[in-house]
Asks: 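One structure, as structure tokens, below. Some questions next.
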Amino acid sequence: MLFNSLIFGLFLPFVFILHWSFRSTGSFYQNLLVLIASYIFYGWWDYRFLSLILISSLIDYVIGLKLYREPRGSHRRLLLVMSLCSNLGILGFFKYFGFFIDSFSVLLAALGIQSNEYSLQIILPVGISFYTFQTMSYTIDIYRQKLNPTTDIVAFLAFVSFFPQLVAGPIERASNLLPQFSRHRELDLKLAKDGLRQMLWGFFKKIVIADNLATHVTHIYENYADLSGLELAIGTFLFAIQIYCDFSGYSDIASGVARLFGIDLMRNFAFPYFSRDIAEFWRRWHISLSSWFRDYVYIPLGGSRVNTLRRIGNILVTFTVSGLWHGANWTFIIWGFLNGVYYIPLMLLQHQKQHTDIVAQGRILPSAQETFQILQTFGLTLLAWIFFRAESLSQAFRFIGHMFSHSWLICPDGELRVAILYAVILLLLEWLQRESQHPLSIAHWPLPIRWSVYIALSLMILVFGNFGKVEFIYFQF
Amino acid sequence: MVILFKRILVFMGLLTCCYLLLISGISTFGGGHDFQYYLRKYSNIPTGLAQRGDNSMVRFREIHAYHDVDILFVGSSHCYRGYDPRFFQHKGLRVFNMGSTGQTPLTSYYLLRQYGDDLNPKLMVLDLYWTMMQQDGAESTLDLLVNVETNWNIVKMVLATKNILAVNALLSDCLNFRQPPLAEVSPVRSTDDTYVPGGFVETTRNALLPEVELAPYTITIHPLQLKYLERIIQSAQKEGIEVVLVTSPVSSAYRNSIINYELWSSTIFDLSQRYHLQHIDFNHDEFFTSSPAFFYDRDHLNTHGVREFNKRFYQRLLMVPEFQKAMGVRNIELQIKRTPSL
């Protein structure tokens, strides 16, 4: 079920009304309703994979309880390993089996060894990368004694499968989300209205910006050999905006929907393209994933508490694995590795925490230095996005080669200019509201102006929105 | 919760009013040519996408004069540019050609609901074209909205496409207050085409199609169109109307550029098996595939092509059991005797 579908438009109000009808009966029935609704939401795509999410959830629920009952001993480690193996095993099989078999075959062929190709048509269950990481963080936190497990199985299953964030995040931490399911929830009108505003902004980003840019990006990447260097550069820029609007749009809709149910999800994007360095970018882009890798990969590897060489290794491993998380393709691995390479100089100079405030806070325009820093960081991310978007490494390298070897003096056509205009409008609106949670955090504005903004955005969605059923990019992860 | 819902309802009401005002304003006052062009290109508001008064308008005005026809031809431009009623009338058959621009099974279904009872054909020839089978029906809907009187059936057709462009076209049509009623619109004259009573459009474009290599083309089948095609067949068979499926010929260059024609063949084969129908695919007929002389573009027959196509189609039709059943065996025996063999 897609957020931007008619069926979701009917599903949401129905679930919302039922959910708040149960508010006097306590959280159990609300959680049960959320659980059933989430399973219907997920099963709408493919009911066969409901068993997978249920099994994954039950394994970690049981292991969580057993871990809590074993405060020390090697048995604890065994339980943790069981949880990690089951989650990573499921993820590895569905997502990476084909990739590893293919890569192994290529390696053998390079060594002159012929192998029998064994191929298996495996469907990738939607959201598997998200919910397996979510349940793994639960058991790891219990193992680390940072969290007590829940005995409320309904609350736990609802926490894992909560439909707004099930298929494309944010990857929630049990310490944030589980208590919200455990406590009694009352309808918070202020939170619900802000949720609706955030949903509107999310739909605008997805349907107007991302889906309209998608056509141009696809055309440019499919025909890059026939286009000028400038067109390829524009295509890269448009892809950066497309993926941002697609993914953050989904996160905004997810957060907004969650708020309708009195649940506050963690912030997943904080205007990342206004970052002044790559460390700041990774504190603002896909925050739930980057913090997950920091807490469960980088820090266990030793983090920054080891010598310089090992620290560099930890950075590269963490970023490379995060690239692999995105997909079973060398392009994602290189994308991750490249971001790691970008990060290393900052770490060596101990500048990774230099920019923790909001850029040009309290001012309309950034300073010249800030502008340079923003453009520099954006340029680095653009280069990395080429690998993310390309179908293969060879295509990525050919794309880059073509971009820098062909003319930049050819004027882009009208359609590309309109696409650039969409991107510029988006960046402008976000810049003006960068100090807020999201650009439509305008509850304090006068009513007529607020409603004019809502109507203007809604009209833009209806008039300029691309309703051609373009799927969310991060569904494939 | 009640307060929230009240606010949402008021907002939705206000949004609806603003939206209708916007559509009405644009469709009534139009703006300049450039404005309309950019709006058409970059928005979901279909300004000037379909022409009012073209052959569709004439056809669907004329259709009311036809009742109890022997053969009804249904399809896209392949249909209204391919089946000449004069040829069939010469064979003693009453026919009507109910093809229109980009007509998909979805739009055909709703048109048949509107006109099928009066036309009451003995045999329905469904001209199938893969390009129409992969669309959502919005293009055809735009044409019909400006050339057919809007009624509840047409509204249902628009909603069935689930396409915002079609919905906006419907709103534009209803809210354009400067637009004269359809009954007062005069047909638009074309230098390339002549409307022939019975629904056919004869072209004057007869230039030989140059031999070019076309980019590879992949056929995809939209499940919605397949669903409506089945609905048409089921409804027809329920009414005792015989059905024949036809795929008109396209140029050899176009045919050769299709990399998965077997998908088309197998899909229609499965359909014909399921409903016990005949499918005549002229893209297996070497007569048309061997020469570009019959086409004025990649997939439309020129005058010479139409003549040959109708002859060959009729020959094939005589042998089809559904046609024999519809027309009565005795008539067919006479027709076969009178018709020279190919």
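So that the names make sense, note that chain A is the first sequence line, chain B the second, and so on, each numbered from 1.
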Asks: Verify the neighbour count for atom OH of B/Tyr261: are there more than 12 heavy atoms of other residues, nucleotides or ligands below 6.0 Å?
Replies: yes
Asks: Could you list the donor-acceptor pairs under 3.5 angstrom formed by side chains in residues 452-465 of chain A, with sequence neighbours left out?
Replies:
| unit_1 | atom_1 | unit_2 | atom_2 | d |
| --- | --- | --- | --- | --- |
| A/Ser452 | OG | A/Pro448 | O | 2.6 |
| A/Tyr454 | OH | A/Arg197 | NH1 | 2.9 |
| A/Ser458 | OG | A/Tyr454 | O | 2.7 |

Asks: Select, from A/Asn212, A/Val418, A/Leu196, A/Leu187, the one with the greatest count of heavy-atom pairs under 4.5 Å involving chain B.
Replies: A/Val418
Asks: At under 4.5 Å between heavy atoms, what parts of residues 9-21 of chain B are in contact with chain A? List them by residue number.
Replies: B/Val10, B/Phe11, B/Leu14, B/Leu15, B/Cys18, B/Tyr19
Asks: Heavy-atom distances under 4.5 Å only: say whether A/Ile17 touches chain B with side chain, backbone, both or neither.
Replies: both
Asks: Is it the case that atom CH2 in A/Trp451 sees more than 12 heavy atoms from other parts of the structure closer than 6.0 Å?
Replies: yes
Asks: Is it the case that over 12 heavy atoms from other parts of the model lie below 6.0 angstrom from the CD1 atom of B/Ile3?
Replies: no
Asks: More than 12 non-hydrogen atoms from neighbouring residues, nucleotides or ligands closer than 6.0 Å to CG on A/Leu447, yes or no?
Replies: yes
Asks: Would you please indicate if the ring centroids of A/Phe16 and B/Phe5 are separated by under 6.0 Å?
Replies: yes
Asks: Can you tell which part of B/Ile23 gets under 4.5 Å to a heavy atom of chain A, answering side chain, backbone, both or neither?
Replies: neither
